[in-house]
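I am attaching a structure below and will ask some questions about it afterwards.
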Amino acid sequence: MNSETTNLMGGTARRFRLVAALLGLLLLAPGCGPRVSRVEHAAVFHPELREKTAALLPDRPLTALECVRIALDNNLDLRVAEIGRRLATLDRKAAFGLFLPQIEFRFGYSGTDNPQLRQTGGGVVQLSDQRIHQTEIEAQQAVFLPQAWLLYDIRGRGEEISSLLRDRARQMISLQVATLYFAVLTLEDAERYLGVTIENVEALLGETRAFEREGMALPSQRQEVETLLLESTIARDNVRRLLGETRAELLVAMGLDPFGIIELVRQAPFLPFEPRSLEEDALEALTRRLELHVDDRTLEIRKREVQTAIAAFLPRVAGLGSFTHSSDSFLVYSNVWTYGVGAVLSAFDGFRNLFGYRAAREREKEAFVRREQRCMAILLEVLRARHRVDQAADYAAVASKNLETAEERLRESRALWDEGMIQFSELLDAVTEKERAGFIRSMAGFQQQVALATLGDVLGRTPKEP
């Protein structure tokens with residue numbers, strides 16, 4: 001064995017060891033990587049979430065706009081939607097690779113324990129070297145491949161759908177945060193009203209006990225007041241629990257710790273509402289709703305799939321080219337260029353292409369029908385949302401009138417109390433009625449705000465950004 005052969009074998013052996021090491025690293029990496037313990041994750045998840053919440057929540061009450069802005073930056077559902085959009089973009093870019101040349105690099109090494117010899121009439125002739133390494137570079141370029149263009153277009157429509165779904169998710173989160181925001185304010189008013197009621201009932205209980213000591217009230221009357229106080233206390237406690245749960249839901253929608261503390265600004269910025277005909281609202285909803293834009297893209301994809309099924313009957317043409325280098329010294333030409341053109345046409349594949357075309361046509365019809373279903377559902381949503389807005393406006397008007405009446409009654413009761421013409425319990429009833437009327441008016445206002453926000457979302461007006 002000469003020195004040249006020895007060096008060749010040594011270099012080849014080193015390359016094999018390097019390739020083997022890389023393969024071993026790839027195969028063993030998933031199994032040998034660090035495993036995340038459930039206990040370790042649980043130990044760090046909540047502390048990190050608390051730190052994040054403390055950093056994002058200011059030391060002051062938040063407005064509805066600020067809550068929506070924090071939610072759009074931190075909501076986990078929106079993060080999933082954004083990841084889906086990025087994946088769709090990568091799929092589109094990967095589909096573009098079908099238009100680029102496909103290049104492969106091959107390396108081979110072969111050896112035999114004995115030289116390859118062949119007997120001839122006059123003796124023995126060696127056919128090749130005992131050890132050979134061969135290198136090959138092969139390139140393939142699609143020349144006529146309609147499926148590639150259609151697939152790229154389908155991936156583009158998929159990317160558009162992912163963007164629309166992300167934007168729709170942002171709209172839904174905005175509406176959810178606004179709804180929870182006003183739900184918290186409503187429950188805070190309910191808690192305040194029940195607190196005033198409890199104070200008034202406690203005062204009434206003291207007066208009743210005094211009358212009972214003077215023989216002017218029966219024990220059963222005092223027990224009725226005690227029962228009313230117990231019921232009011234339990235109702236306030238239930239409202240407090242519900243308020244805590246609603247605040248936690250708001251924090252989760254904002255991507256924050258549900259155990260955190262959040263204070264809200266007491267505001268009711270009613271959305272502008274322009275009275276229009278039902279037909280105008282319906283037309284706006286059918287034009288702006290993102291779900292219908294998604295259905296439009298889906299229908300386009302189904303049409304492209306029909307075209308793809310038709311393209312399956314066409315030939316697929318590609319250009320081929322390769323370069324081969326061999327170390328075999330017995331070859332006259334160690335470097336060889338090969339080129340050509342190849343075409344494939346499916347003559348019969350068990351009717352798979354035929355039935356695939358029929359299935360694509362049916363999926364196109366299904367997409368069309370689903371879009372029609374969505375349009376009809378949106379029309380119904382517009383009708384219901386309009387009715388909810390009108391109903392909320394009626395309730396708000398009645399609540400405002402009741403508040404005016406309760407305030408006037410309270411002024412009259414205070415004047416009569418100053419003159420000594422009514423008992424203290426009657427004055428407390430007037431105070432309680434005024435607080436109750438104020439709570440109902442506040443709740444009606446918040447309900448009107450939610451109804452207007454819902455109508456705006458049904459019409460497709462909910463902004464993707466705050």
Side-chain angles (χ1 to χ4, degrees), residues 61 63-64 178-208 221 224-247 250 263-273 387-455:
T63 64
T179 302
L180 291 172
Y181 177 91
F182 291 108
V184 170
L185 295 183
T186 301
L187 291 172
E188 287 178 352
D189 277 354
E191 182 186 17
R192 187 178 298 104
Y193 159 70
L194 290 173
V196 173
T197 301
I198 290 174
E199 293 177 359
N200 294 338
V201 173
E202 289 176 345
L204 179 61
L205 180 59
E207 181 181 351
T208 304
Q221 293 176 323
E224 290 178 358
V225 178
E226 290 176 347
T227 301
L228 178 61
L229 177 61
L230 180 60
E231 292 176 348
S232 300
T233 302
I234 293 175
R236 183 191 60 184
D237 294 340
N238 290 335
V239 168
R240 283 179 176 175
R241 297 186 187 98
L242 183 57
L243 176 59
E245 294 176 4
T246 308
R247 282 175 176 162
L250 176 60
E263 298 294 333
L264 304 179
V265 175
R266 301 201 57 77
Q267 62 177 12
F270 290 96
L271 298 174
F273 177 67
H387 287 175
R388 298 297 180 271
V389 169
D390 295 339
Q391 189 178 39
D394 293 340
Y395 286 157
V398 173
S400 298
K401 189 64 177 179
N402 287 335
L403 179 58
E404 294 176 4
T405 303
E407 290 175 344
E408 181 62 28
R409 182 191 174 195
L410 178 59
R411 283 192 293 269
E412 295 174 354
S413 298
R414 289 187 185 278
L416 294 174
W417 167 258
D418 293 337
E419 298 293 333
M421 300 178 63
I422 62 173
Q423 297 181 354
F424 181 62
S425 58
E426 294 177 291
L427 177 61
L428 291 180
D429 288 341
V431 173
T432 302
E433 184 61 26
K434 186 264 178 184
E435 292 294 333
R436 177 176 176 274
F439 160 66
I440 293 177
R441 177 62 185 88
S442 177
M443 183 174 63
F446 293 146
Q447 289 178 349
Q448 189 177 17
Q449 174 66 66
V450 172
L452 288 171
T454 303
L455 176 60

Which atom names give the shortest non-hydrogen contact between A406 and A437, and what distance separates them? CB-CB, 3.8 Å

Grab the two heavy atoms, one from A392 and one from Q448, that are nearest each other, plus how far apart they are. CB-CA, 3.7 Å

Can R409 and E412 be counted as an ion pair, charged N to O under 4.0 angstrom? no

Name all residues meeting the side chain to side chain contact (heavy atoms under 4.5 Å, CB included) criterion together with F439; count only those two or more places apart in sequence or in a different chain, and write none if there are none. D189, A190, Y193, M443

With a cut-off of 6.0 Å (strictly less than), are more than 12 heavy atoms of other residues, nucleotides or ligands near CZ of R436? no

Could you give me the CA-CA distance, side-chain angles and deciding distance for R247 and E188, then say whether salt bridge (Lys or Arg N to Asp or Glu O under 4.0 Å) is met? CA-CA 11 Å; R247 282 175 176 162; E188 287 178 352; 2.8 Å; yes

Stepwise side chain to side chain contact (heavy atoms under 4.5 Å, CB included) check, I198 with E202: CA-CA 6 Å; I198 290 174; E202 289 176 345; 3.6 Å; yes

Separation between CD of E199 and CG of L194, rounded to the nearest 0.5 Å: 11.5 Å

Between atom CD of E433 and atom OG1 of T197, what is the distance when rounded to the nearest 0.5 Å? 10.0 Å

pair E191-R240: side-chain heavy atoms closer than 4.5 Å: yes

What are the two closest non-hydrogen atoms of A451 and V389, and how far apart are they? O-CG2, 3.5 Å

Can you name the one residue among V450, T246, L264 that meets side-chain contact (heavy atoms from CB on, under 4.5 Å) with Y181? L264

CG/N238 to CG/L243 distance, rounded to the nearest 0.5 angstrom? 12.5 Å

Donor-acceptor under 3.5 Å (S442 side chain, G438 main chain): no

I need the minimum non-hydrogen distance between L205 and E226, along with the two atoms involved. CD1-CG, 3.5 Å

Can you name the side chain to side chain contact (heavy atoms under 4.5 Å, CB included) partners of V398, sequence neighbours left out? N402

Would you give the length of the straight line joining atom CG of L180 to atom CG of L185, rounded to the nearest 0.5 angstrom? 11.0 Å

Less than 4.5 Å apart, any side-chain heavy atom of I234 and any of E231? no

To the nearest 0.5 Å, what is the distance between CG on L204 and OG1 on T432? 9.0 Å

Please round to the nearest 0.5 Å and tell me the distance separating atom CG of L242 and atom OG1 of T186. 10.5 Å

Considering residues at least two apart in sequence or located in another chain, which fulfil the salt bridge (charged side-chain N to carboxylate O under 4.0 Å, His left out) criterion with E435? none

